[in-house]
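First the structure, in the form of structure tokens, and then the observations on it.
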Amino acid sequence: MVPKLKDPSLLKQNVCYVNGEWKPAKSGKTFKVNDPGTGELVGTSPEFNTDDTEAAIAAAAAALPSFRSKTGRERARMLRRWYDEMTANADDIATLITWENGKPIADARGEAAYAASFFEWFSEEAPRAYGDTIPATVPGNRVFTRREPVGVCGLITPWNFPAAMITRKVAPALAAGCTVVCKAPGETPFTALALAELAHRAGIPAGVVNIVTAMENTAEIGQLLTTSETIRKVSFTGSTAVGKLLMKQSADSLKKLSLELGGNAPFIVFDDADLDAAVAGAIASKFRSSGQTCVCANRIYVQSGIYDQFVEKFTDKVKGFKVGNGFDDSITHGPLIHDRAVSKVDQHVRDAEKKGGKITIGGQTLPDLGSNFFQPTVIRDMTPEMAIASEETFGPVAGLFPFETEDEVVKMANQADVGLAGYFFSRDLERVYRVAEALDVGMVGVNTGIISDPASPFGGVKHSGFGREGSRYGIEEYQVIKTITLGGM
Ligand code: NAD
């Protein structure tokens with residue numbers, strides 16, 4: 001079955017969006033995008049190279065002076081119109097997301113709304129770029145500050161949220177008065193290009209938003225975006241390994257950076273928790289997008305007094321899952337993005353099994369459905385020597401670790417080199433404060449498994465990177481503070 005768009009012109013094949021126009025790659029090269037559920041072709045997208053991307057950077061640079069000089073209110077209105085376009089076309093955006101990413105259509109609708117919410121949020125932040133008036137220590141001087149746009153930004157986003165990872169960067173960048181070149185992921189270019197079409201319809205001026213696509217040339221485009229002197233800021237969401245590479249590449253041009261990198265979220269359930277709520281929270285946190293979100297629970301620690309009961313209830317919930325094609329309304333979980341992801345999940349499961357973990361449900365690939373499917377899996381009796389304890393699985397595998405004391409579990413939780421999200425369930429108020437403060441992560445969910453909200457700062461510590469997206473802090477990533485001193489007053 002080929003999915004249908006209400007507005008077929010939103011599927012932009014073989015063209016990227018540069019300087020307000022739709023352009024093929026100069027080389028004429030394209031790459032294929034396949035539906036991860038069926039393996040069938042979704043379409044082909046341009047294989048941009050550094051030459052093509054240079055043109056996009058030049059367009060963003062040319063558009064900057066006029067765009068940055070608009071008032072915050074004018075930019076807010078543009079973002080609001082983009083929000084309205086996203087909302088009016090949310091069904092098609094959701095269809096594109098499921099088509100190229102595979103997630104269930106209900107999740108894709110949720111992502112389309114979440115993605116649009118960043119336009120709404122930052123349309124409200126755009127007019128409020130306040131500076132300070134600072135009492136000088138030098139007699140006769142007056143000091144004040146302005147928040148100015150950092151300049152042209154290079155944005156690099158992953159495939160797991162084909163719309164939201166882009167809007168979470170583009171919306172604050174535009175609110176601040178920056179112009180952007182966004183390198184969309186090779187796996188999911190069509191959602192990104194549909195967003196560009198909606199930007200066009202919303203009247204975003206030519207050159208302000210440029211979206212380029214590539215598969216093979218991804219690294220060379222990354223190199224260009226990080227070394228170009230025209231680009232003053234790079235914001236990247238993806239793996240820690242690529243984030244470190246981009247940071248090294250950015251050193252010579254001393255760019256401002258935001259890096260939203262990998263996680264390995266601990267999810268702790270204390271004896272005093274509401275058990276059913278904790279099971280529901282862990283299910284939501286672990287299995288959303290089949291475990292392919294950076295804030296997914298990766299290590300589930302359950303205190304020994306309730307361990308067996310938790311394992312039973314958690315496994316029962318997973319029994320109710322149905323895996324299949326994202327467009328089938330009866331399914332709860334879709335495919336993984338590609339077969340490499342399936343191999344990694346399989347390795348983690350086999351490793352845990354070999355080291356004494358016991359699978360209570362799942363544990364196998366699903367070749368009858370296609371090459372990208374893996375059963376939702378629960379493994380009990382996990383130990384710290386297993387790969388899942390230290391590596392992000394990025395798939396539908398829940399490893400359940402028993403623990404005895406609060407001190408012990410906080411230590412284990414903090415052993416990871418990354419620190420993005422952490423979760424725990426407890427009804428003891430003192431413990432809630434203690435553990436929330438003790439976890440070495442950028443975001444803590446207490447008695448909830450879902451923490452994403454455009455109003456909340458999103459970002460990590462340690463090898464999960466730095467910078468915050470969303471919230472009133474999100475816009476600061478795209479601003480620089482200019483200090484103005486008036487002398488002889
Ligand atoms: P990845 O780092 O391989 O790729 C992410 C994006 O970067 C893709 O668009 C890819 O095309 C691009 N890329 C890869 N190499 C590049 C290079 N040398 N130069 C420029 N761009 C390059 O990650 P992935 O495996 O596709 O995505 C999953 C990872 O992303 C996980 O580790 C996950 O935790 C992380 N992630 C983090 C967040 C967050 O907000 N912290 C959100 C989503 C995903």
Side-chain angles (χ1 to χ4, degrees), residues 31 33 36 45 47-48 50 53 100-101 103 111 114-115 118 154-169 181-189 191-192 211-228 231 234-250 257-265 288-298 336-338 340-345 391-395 416-421 441-443 451-452 456-470 474 477:
F31 63 92
V33 180
S45 198
E47 183 69 55
F48 261 37
T50 47
T53 309
E100 54 185 3
N101 167 284
K103 69 177 70 175
E111 182 187 340
Y114 177 58
F118 288 102
L155 313 176
I156 305 174
T157 59
W159 46 265
N160 62 344
F161 287 90
M165 293 300 105
I166 293 177
T167 59
R168 203 159 74 173
K169 297 185 191 304
V181 175
C182 175
K183 156 67 178 67
E187 292 84 352
T188 60
T191 307
I211 300 208
V212 306
T213 69
M215 185 62 103
E216 267 177 28
N217 297 339
T218 290
E220 69 179 59
I221 292 177
Q223 171 92 22
L224 175 65
L225 294 177
T226 46
T227 54
S228 159
I231 291 185
V234 164
S235 177
F236 170 72
T237 296
S239 62
T240 296
V242 173
K244 287 179 182 174
L245 174 74
L246 297 177
M247 187 167 174
K248 283 184 193 140
Q249 290 176 180
S250 300
L257 285 175
S258 301
L259 300 175
E260 303 281 351
L261 310 178
N264 179 352
R288 197 158 64 105
S289 293
S290 297
Q292 299 175 107
T293 90
C294 50
V295 291
C296 273
N298 202 57
L336 299 187
I337 191 71
H338 39 47
R340 293 192 306 287
V342 175
S343 305
K344 182 169 184 194
V345 169
E391 287 174 40
E392 190 183 28
T393 306
F394 231 59
D417 56 356
V418 291
L420 190 60
V441 293
M443 297 168 285
I451 52 174
S452 296
S456 311
F458 189 103
V461 297
K462 302 200 285 187
H463 289 215
S464 291
F466 46 80
R468 292 294 178 267
E469 296 194 312
E477 303 286 321

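The model shown is predicted, which means the values in this text are computed figures rather than measured ones. For ligands, and for the atoms within them, numbers begin at 1 and follow the listed sequence.
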Is the closest N or O pair between Gln223 and ligand 1 shorter than 3.5 Å?
no
Geometry only, no angles: is Glu260 polar-contacting ligand 1 at N/O separations under 3.5 Å?
yes
Has Lys344 got any heavy atom lying under 4.0 angstrom from an atom of ligand 1?
no
Any non-hydrogen side-chain atom of Val181 less than 4.5 Å from a side-chain atom of Leu225?
yes
Hey, is atom 4 (O) of ligand 1 under 4.0 Å from any protein heavy atom?
no
Is Gly186 close enough to touch ligand 1? Criterion: a residue heavy atom under 4.0 Å from a ligand atom.
no
Heavy-atom nearest option to atom 14 (C) of ligand 1, drawn from Thr218, Thr157, Val234:
Thr218
Ligand 1 to Leu261 polar contact by distance, N or O atoms, under 3.5 Å
yes
For ligand 1, which atoms sit closer than 4.0 Å to a heavy atom of Trp159?
24 (P), 26 (O), 27 (O)
Is the shortest N/O to N/O distance between Thr237 and ligand 1 below 3.5 Å?
no
Would you mind listing which atoms of ligand 1 come within a distance below 4.0 Å of any non-hydrogen atom of Arg168?
40 (O)
Regarding Glu100 and Thr191, is there a side-chain donor-to-acceptor distance under 3.5 Å anywhere?
yes
Nearest heavy-atom approach of Ala192 to Ala184 is CB-CB, 3.5 Å
Lys244 versus His463: any side-chain heavy-atom pair under 4.5 Å?
yes
Measuring from the heavy atoms of Phe458, does anything fall under 4.0 Å of ligand 1?
yes
Check for a donor-acceptor pair, side chain of Ser464 on one end and backbone N or O of Gly262 on the other, with a separation under 3.5 Å.
yes
Ser239, Ala192, Gly154: member with heavy atom nearest to atom 29 (C) of ligand 1
Ser239
What I'd like to find out is whether the side chain of Gln249 reaches to under 4.5 Å of the side chain of Val234, using heavy atoms alone.
no
Can you sort out which atoms of ligand 1 are near Leu246, meaning under 4.0 Å from one of its heavy atoms?
19 (N), 20 (C)
Are Lys183 and Phe236 in a cation-pi contact, defined as NZ or CZ under 6.0 Å from the six-membered ring centre and within 45° of the axis?
no
From the options Cys294, Gly460, Pro162, select the one whose nearest heavy atom is closest to atom 39 (C) of ligand 1.
Cys294
